[in-house]
Engineer: 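Got a structure for you, written out below as structure tokens; questions coming shortly.
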Amino acid sequence: MSEDIENNKPSNFIKEIIDEDLKEKRYTHVHTRFPPEPNGYLHIGHAKSICLNFGLAEEYGGKTNLRFDDTNPTKEDVEYVESIKEDIKWLGFDWEDRLFFASDYFDTLYEYAVKLIKKGKAYVDSSSYEQIKEERGAPTKPGVESKYRNRTVEENLDLFERMKNGEFGDGEHVLRAKIDMTSPNMNLRDPIMYRIRHAEHHRTGKEWCIYPMYDWAHGQSDSIEGITHSICTLEFENHRPLYDWFVEELEIHHPRQIEFARLNLSYTIMSKRKLLQLVEEGHVSGWDDPRMPTISAFRRRGYTPESIRNFSDEVGIAKRDNVIDIFRLEYSIRQDLNKRSMRVMGVLNPLKVELLNYPEGQVEELDAINNPEDESMGKRKVPFSRELYIDAHDFQENPHKKFFRLSPGREVRLRYAYIIKCEEVIKDADGNIEKLLCTYDIETKSGSGKSDKKVKGTIHWVSAQHAVNAEVRLYDRLFNVPNPGDDKDVDFKDHINPNSLEVLTHSLVEPYLKNAKPGDRFQFERLGYFCVDSKDSSEDHLVFNRTVTLRDSWAKIEKRGNK
RNA sequence: UGCCCUGUGGUGUAAUGGUAACACAGAGGUCUCUGGAACCUUAGUUUCGGGUUCGAAUCCUGACAGGGCAACCA
């Protein structure tokens, strides 16, 4: 067993490696980093990586840097830099004064490259793009050496400097490491270190026209920052020998790279490229559309940072490919919100109820408990009157045998109020139910103790004259298959769930919600957790996003009944 | 058919040569003024074959399966 008994986070293979490194004094401390490329918004998979890197540093009393890997000016943008910073902060992590950019190291990287050229370990290749591609070979076919491979050090130095000085156009030359064109590891077949790009960089502007490749910049950036454990995903496993080669040749600090399997979530996709496509083609309203798996979307939808961190901790770390069941995430947010969110009543699809024996014009202020899980959250008053609305789903004219709610001639309790009985169903000319005429039993007032009458169902409601209109957005999974990105023959967009968003514009909520502020979270009793939308909600037009439903055993019974 | 990595219930993760466990999901139940929450019960797992060992999920070996690698992307 590993030694982290003090915290309750489970151990994993990465901690075992770190423990070993510390024990053998390979490193005296732990310093990690989170190295995103600012070319898109962060998603839940990145959240796992953030939690891992910052979490590890916290546990070992070390530090974590935030470093943007901004080596490709054509794809990167400050908008992304800002969103990434915001998301990490929101998750609750702090890089303090250690905000870095790979572009901070362009000068150093250039010097390192010169050093390798001088050692005869790098050369300028003037072959065409196609030529280089051809000569690289294939996994089962060795590469062949470039005819420029044996240029003299002096010539390489001269050419490389002139590349930097802008004497050549894009693609005319590249700088390559001189390693082994026949290596079974493709990454070692003289990888490209620099390419010419006459492009403006979001931070260095027009200062450079040669840009380092990720493989050349990444390991050295970690080294420069004194990173001890460079944690990354599996696809970089084959790159590790290259990174090792660079730091060894350069004789600089050698971080240990550890690879883990990236997070996959069922019913969604994690590819930044595909996510960008959804945004650009308008399948969603933006990176923060609450159906997206991005951190900003989860935030807007009402997820708490704590729930995402717990989720990340609980799914564990390993090297095998995995697909985490979306239920797992939903469990995590329900668990958190159950403990902390205020209960209110909201009617999604209003159905009018008139209480025939309730005095006209009378209004009672009834006591309602704000959170049965937390007494300190107190109580509030909810107005009750002759005309009410209940949810249409809580009435069935011809009830299923396990339906415990309202039906003709049957009784149900109105939460925090009275037991009512449905006496008559009023329909319009087309046979649509217009209104329910009911009676209430005055003896059954909540908390009065006058009656011990029991009913099987309790439903929520709002008072017609007091209710506040609201728009409610119900979200379902964005895709209707568990692994939408898996199918190689079908475009992932063909799996988009056409019903992933349902907008209800005539919902009614209790008056307490009149002053709800963007970002406020509530449990609508019996329905789920809802969050005031941070973009579209206003004082005169409340908009609620459904974060997640409550667990719903009735839905299961219903589903079964349909089969 | 080269190199690298990975194979444990439905899904994840543990067990580090000594009784295969935990969570989610599933099934059933208790309770309930949320068909919520909580609680209880239950079913289900080591890819296959050899070997080492008193003893193998664990070590060795051979298969098989899955993933990754052929951007001047990261």
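Throughout, a chain's letter reflects where its sequence line sits, starting with A, and its residues are numbered from 1. Just so we're clear, the structure is a prediction, and the values are computed from it rather than from any experiment.
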Engineer: Can a donor-acceptor pair under 3.5 Å be found between the side-chain atoms of Glu314(A) and the base atoms of U13(B)?
Structural biologist: no
Engineer: For the C1' atoms, the ones on U13(B) and on C73(B), what distance do you get once it is rounded to whole angstrom?
Structural biologist: 33 Å
Engineer: State the pairing partner of G18(B); accept Watson-Crick or G-U wobble contacts with both distances under 3.5 Å, and report none otherwise.
Structural biologist: C54(B)
Engineer: Drop me the distance from Arg405(A)'s CZ to Arg526(A)'s CZ, to the nearest 0.5 angstrom.
Structural biologist: 5.0 Å
Engineer: Should Met181(A) and Val144(A) be marked as a side-chain contact (heavy atoms from CB on, under 4.5 Å) after you check the CA-CA gap, both sets of side-chain angles, and the distance that decides it?
Structural biologist: CA-CA 6 Å; Met181(A) 288 308 290; Val144(A) 296; 6.0 Å; no
Engineer: When you check the phosphate oxygens OP1 and OP2 of A74(B), does a side-chain N or O of Arg195(A) lie under 4.0 Å from one of them?
Structural biologist: yes
Engineer: Taking the chi torsion of A71(B), is it syn (within 90° of 0) or anti (everything else)?
Structural biologist: syn
Engineer: Less than 3.5 Å between a donor and an acceptor, one on the side chain of Arg320(A) and one on the base of U8(B), is that the case here?
Structural biologist: yes
Engineer: Could you identify the nucleotide paired to A63(B), looking across every strand shown and requiring Watson-Crick or G-U wobble geometry with both distances under 3.5 Å?
Structural biologist: U47(B)
Engineer: So, is Ser332(A) close to the C24(B) phosphate, meaning a side-chain N or O under 4.0 Å from OP1 or OP2?
Structural biologist: no
Engineer: Under a 3.5 Å cut-off for both contacts, is U42(B) paired Watson-Crick or G-U wobble with anything, and if yes, with which nucleotide?
Structural biologist: G26(B)
Engineer: Given the P atoms of U11(B) and G26(B), what is the spacing between them in whole Å?
Structural biologist: 15 Å
Engineer: Would you indicate whether Ile442(A), at its atom CD1, is surrounded by more than 12 heavy atoms from other residues, nucleotides or ligands within a distance under 6.0 Å?
Structural biologist: no
Engineer: With C1' as the reference atom in both, quote the distance from C60(B) to A21(B) in angstrom, rounded to an integer.
Structural biologist: 27 Å
Engineer: Write down the distance separating the P atoms in U52(B) and A56(B), rounded off to the nearest Å.
Structural biologist: 11 Å
Engineer: What's the CD1-C1' distance between Ile192(A) and C72(B), to the nearest Å?
Structural biologist: 5 Å
Engineer: Taking the P atom of each, how far is G17(B) from C24(B), in whole Å?
Structural biologist: 29 Å
Engineer: Is the number of heavy atoms from other residues, nucleotides or ligands within 6.0 Å of OH (Tyr512(A)) greater than 12?
Structural biologist: no
Engineer: For nucleotides U8(B) and C72(B), find the distance between their C1' atoms and express it as a whole number of Å.
Structural biologist: 44 Å
Engineer: Between atom CG in Leu337(A) and atom C1' in A37(B), what is the gap in whole Å?
Structural biologist: 13 Å
Engineer: Looking only at side-chain atoms of Arg328(A), point me to the closest of C72(B), U11(B), G26(B).
Structural biologist: U11(B)
Engineer: Rounding to an integer number of angstrom, what distance separates A57(B) and U6(B) when you compare their C1' atoms?
Structural biologist: 15 Å
Engineer: Provide the distance between the two C1' atoms, one in C3(B) and one in A70(B), to the nearest whole Å.
Structural biologist: 12 Å
Engineer: To the nearest angstrom, how far is Glu76(A) atom CD from A74(B) atom C1'?
Structural biologist: 8 Å
Engineer: Check this for me: Glu365(A), atom CD, are more than 12 non-hydrogen atoms of other residues, nucleotides or ligands nearer than 6.0 Å?
Structural biologist: yes
Engineer: Separation of Tyr267(A) atom OH from A25(B) atom P, in whole Å?
Structural biologist: 14 Å
Engineer: For C69(B) and Arg189(A) - does any side-chain N or O of the residue sit under 4.0 Å from the phosphate oxygens OP1/OP2?
Structural biologist: no
Engineer: Look at the side chain of Arg405(A) and the base of G35(B), then say whether one donor and one acceptor between them are separated by less than 3.5 Å.
Structural biologist: yes
Engineer: Looking at Arg334(A), I'd like to know whether one of its side-chain N or O atoms comes within less than 4.0 Å of OP1 or OP2 on C24(B).
Structural biologist: no
Engineer: Looking only at the side chain of Asn72(A) (C-beta and beyond, no hydrogens), which of the listed nucleotides A74(B), C3(B), G12(B) gets closest?
Structural biologist: A74(B)
Engineer: When the distance from CG of Asp313(A) to P of A14(B) is rounded to whole Å, what number comes out?
Structural biologist: 13 Å
Engineer: Does atom CD (Glu79(A)) have a neighbourhood of more than 12 heavy atoms from anything else shown, all under 6.0 Å?
Structural biologist: yes
Engineer: Thr71(A) side chain N/O closer than 4.0 Å to the phosphate oxygens (OP1, OP2) of A74(B)?
Structural biologist: yes
Engineer: Does atom CG of Asp452(A) have more than 12 heavy-atom neighbours, drawn from other residues, nucleotides or ligands, at distances under 6.0 Å?
Structural biologist: no
Engineer: Strictly below 4.0 Å: does Tyr214(A) bring a side-chain N or O up to OP1 or OP2 of C73(B)?
Structural biologist: no
Engineer: When we call it a touch if two heavy atoms are under 4.0 Å apart, what does Phe404(A) touch: a base, just sugar-phosphate, or nothing?
Structural biologist: base
Engineer: Tell which nucleotide pairs with C72(B), taking only Watson-Crick or G-U wobble pairs whose two distances are both under 3.5 angstrom.
Structural biologist: none
Engineer: Between CG of Leu275(A) and CD of Glu280(A), what distance do you get to the nearest 0.5 Å?
Structural biologist: 11.5 Å
Engineer: Can you identify which nucleotide, out of G36(B), A70(B), C73(B), has its nearest atom closest to the Lys75(A) side chain?
Structural biologist: C73(B)
Engineer: Return whichever of Glu237(A) or Lys454(A) has its heavy-atom-nearest nucleotide of RNA chain B closer to the 5' end.
Structural biologist: Glu237(A)
Engineer: On RNA chain B, compare the nucleotides closest to Leu550(A) and Asn238(A); which residue's is nearer the 5' end?
Structural biologist: Leu550(A)
Engineer: Closest to the Val315(A) side chain: G12(B), U13(B), A71(B)?
Structural biologist: G12(B)
Engineer: Taking the side chain of Asp325(A) as heavy atoms from C-beta outward, which of C72(B), U11(B), G35(B) is closest to it?
Structural biologist: U11(B)
Engineer: Would you say A74(B) has OP1 or OP2 under 4.0 Å from some side-chain N or O of Lys272(A)?
Structural biologist: no
